[in-house]
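We count ligands from 1, going down the list as the structure has it; atoms in each ligand are counted the same way. One-based numbering along the sequence shown.
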Amino acid sequence: MAYATFDPNTGPGLAASVKILIAGGFGVGKTTTVAAVSEIAPLRTEEVVTEVSRTIDDLSGVESKTTTTVAMDFGRITISPELVLYIFGTPGQDRFWFMWDELALGALGAVVLADTRRLESSFAAVDYFERRGLPFVVGVNCFDGAPRYTPEEVRYALDLADHVAITLCDVRHRDSAKAVLVTLLEYLVGRTARHAGSENPPTAFDQTAGSQ
Ligand SMILES: Nc1nc2c(ncn2[C@@H]2O[C@H](COP(=O)(O)OP(=O)(O)OP(=O)(O)O)[C@@H](O)[C@H]2O)c(=O)[nH]1
Ligand SMILES: [Mg+2]
């Protein structure tokens with residue numbers, strides 16, 4: 001995908017646009033991340049957590065959360081005149097997982113956010129991307145008062161492969177959230193370079209292909 005840009009030095013051009021996902025368990029900060037980095041007013045699909053949904057959804061550890069994403073978040077960030085990221089935040093509740101396959105179509109990679117108070121809530125997201133072969137990095141969103149662990153301790157707890165980058169962040173702050181996106185981009189660029197010349201170079205996620 002590409003869209004027109006205008007650079008006063010070079011004139012009209014085309015910026016490459018890349019789709020990435022922000023994923024992870026309930027309440028880990030996905031919507032906050034998209035809002036922090038987006039240069040356009042982010043699209044949100046927040047709905048109030050009702051008494052009825054409290055009996056269905058797992059709110060343990062984040063009982064004070066009053067809203068939840070029911071479809072997706074969407075935002076955009078220009079990394080450079082040549083590169084624009086379209087960022088899609090996934091819903092976190094189990095009952096909305098059927099949407100993940102649609103959201104993942106065409107994505108080049110994902111950020112899995114984790115909350116050290118509830119690391120297990122991000123297991124399913126890690127598993128989802130590992131099974132489908134979609135490259136991902138992990139952002140450990142350091143909530144106030146949450147236990148602090150080193151990236152290697154988080155790697156061990158989440159059973160992550162050595163090549164999966166892990167970044168500590170506070171996604172309420174734009175620079176911190178953006179740093180996680182840059183880590184993902186660096187990982188994708190390095191991965192593409194490693195695959196250069198191979199018979200099966202990495203492509204955007206295609207559900208029909210299953211993995212890459
Ligand atoms: N202290 C602290 N609060 C945070 C941080 N990130 C998010 N929050 C707060 O935690 C709450 C949850 O954030 P959301 O961004 O809605 O989480 P989510 O992952 O989109 O949640 P779901 O869509 O319901 O799965 C919000 O009230 C945020 O303000 C953080 O890094 N530190
Ligand atoms: Mg959300």
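The shortest distance between side-chain heavy atoms of Arg44 and Phe74 does not fall below 4.5 Å.
Listed here is the closest heavy atom pair of Val171 and Gly29: CG2-O, 3.7 Å. Asp162 approaches Arg155 most closely through the heavy-atom pair O-NH1, 3.4 Å. Minimum heavy-atom separation, Ala110 to Leu134: CB-CD2, 4.3 Å. The two atoms that bring Thr78 and Glu39 nearest to each other are OG1-OE2, 2.6 Å, heavy atoms only. For the residue pair Arg117 and Ala146, the shortest heavy atom distance occurs at CG-CB, 3.6 Å. Heavy-atom minimum distance, Glu102 versus Lys19: O-NZ, 4.0 Å.
Comment: Asp127 does not engage Arg132 in a salt bridge, judged by the lack of any side-chain N to carboxylate O separation of less than 4.0 angstrom. Looking at Asp115 and Arg118, a side-chain N of the basic residue comes within less than 4.0 Å of a carboxylate O on the acidic one, giving a salt bridge.
In terms of protein heavy-atom proximity, atom 11 (C) of ligand 1 is nearest to Lys65 CE, 4.3 Å. Nearest protein neighbour of atom 24 (O) of ligand 1, counting heavy atoms only, is Thr68 OG1, 2.6 Å. Of the protein's heavy atoms, Gly29 N, 3.2 Å lies nearest to atom 17 (O) of ligand 1. Distance from atom 23 (O) of ligand 1 to its nearest protein heavy atom, with residue and atom name: Thr69 OG1, 2.9 Å. Protein heavy atom at the shortest distance from atom 18 (P) of ligand 1 is Lys30 N, 3.5 Å. For atom 4 (C) of ligand 1, the nearest protein heavy atom (residue, atom name, distance) is Phe143 CE2, 3.2 Å. Scanning all protein heavy atoms for the shortest distance to atom 30 (C) of ligand 1 gives Arg172 NE, 3.4 Å.
For the Mg ion (ligand 2), the count of nearby protein N, O or S atoms, meaning those under 2.8 Å away, is 2.
Atom numbering of ligand 1 starts at 1 in the shown order; those under 4.0 Å from a heavy atom of Val171 are 6 (N), 31 (O). Annotation for ligand 1: atoms under 4.0 Å from non-hydrogen atoms of Gly92 are 25 (O). Each of the following atoms of ligand 1 lies closer than 4.0 Å to a heavy atom of Phe26: 22 (P), 24 (O), 25 (O).
Considering only non-hydrogen atoms, atom 20 (O) of ligand 1 lies nearest to Thr31 out of Thr31, Thr32, Thr33.
Not a single N or O atom of Pro91, backbone or side chain, sits closer than 3.5 Å to an N or O atom of ligand 1. The shortest N or O to N or O distance between Gly27 and ligand 1 is below 3.5 Å.
Using modelled atom types, one finds no donor on one side chain facing an acceptor on the other under 3.5 Å when comparing Thr68 with Glu47. Between the side chains of Asp170 and Ser176, not a single donor N or O lies within less than 3.5 Å of an accepting N or O.
Within the 4.0 Å cut-off (strictly below), no protein heavy atom is located near atom 27 (O) of ligand 1.
Under the 30°/60° scheme for interplanar angles, the aromatic rings of Tyr128 and Trp97 are found to stand perpendicular.
Under 4.0 angstrom from ligand 1, the non-hydrogen atoms of Asn141 all belong to its side chain.
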CA sep, side-chain torsions, deciding dist, call: Thr31, Thr69, side-chain hydrogen bond (donor to acceptor under 3.5 Å, both in side chains): CA-CA 8 Å; Thr31 299; Thr69 304; 2.8 Å; yes

